[in-house]
Amino acid sequence: MLLDSYKITRILPCLADPEKIRVIAEVSGEIHEVFPYLNGVLKGCIYNHPALTLTIKKDGKLFTLHAHHITLAKIEDEKEAEEILIWLKNLINETYENRDKIEPNYSKGADLKALDIFRLLPGTNCRKCGELTCLAFAVKLVGRDIEIAKCDPLFSEKYQEKRNVLVELLHAAGFEVPSEFLNP
Ligand code: SF4
């Protein structure tokens, strides 16, 4: 069994959707060995092999697996988080046990959508980045024509939580992000 146990360590507001929560669970041991096999069996994952992260999209929710923890976004409540964590635990262990029969997939997978990024920007259309709107900035960012650091307001204390989620999402998708803003 690769994932023996997990423990919810943080429950935060979900900034992609203010009516939902974001849940962080620490996992026993390291689980990254299963990521290329999960990426081989699940559709629409975002896999960053060098960073050891795999983001799974399911029913409009985002689950990001790291070597030592799991982040769940757009979650209704703690009960739903527990149900998803049980589902993930079973999925991880079953996939790991069957890895000899699965073709591992090391490709990056699905790209981020501009709207995923736009929801996590300040949304003030202040133009400090040189773009007319935050949406225009999001489109350029997803096309790798501009860097996240150009959105100066995002790096102020006011937008700390949004920034954390966005930086994590971008990092998981293989984008360059300022390393000092990555979660440990
Ligand atoms: S600097 Fe940031 S908040 Fe201002 S318009 Fe650009 S993306 Fe939006």
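Keep in mind the model is a prediction, meaning the values are calculated, not measured. Counting starts at 1 for both ligands and their atoms, in listed order.
Distance alone, capped at 3.5 Å, is enough to place a donor-acceptor pair between the N39 side chain and the N105 backbone. Checked by atom type and distance alone, the side chain of N93 never pairs as donor or acceptor with a backbone atom of M1 at under 3.5 Å.
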If you look only at distance, which donor and acceptor atoms sit under 3.5 Å apart when one is on a side chain in residues 24-32 and the other is two or more places apart or in another chain?
residue	atom	partner	partner atom	Å
S28	OG	D4	N	3.3
S28	OG	S5	N	2.9
S28	OG	S5	O	3.1
E30	OE1	H32	NE2	3.1
E30	OE2	H68	NE2	3.3

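Listed by chain and number, P122, T124, N125, C126, R127, K128, C129, C134, F137, C151, P153 each place a non-hydrogen atom less than 4.0 angstrom from ligand 1.
Counting non-hydrogen atoms of other residues, nucleotides and ligands closer than 6.0 Å to CD of E82 gives a total above 12.
Residues satisfying the side-chain hydrogen bond (donor to acceptor under 3.5 Å, both in side chains) test with N98, not counting sequence neighbours, are K101. Under the rule for a ring-ring contact (aromatic ring centres under 6.0 Å, His included), the partners of H49 that lie at least two apart in sequence or sit in another chain are Y47, Y106.
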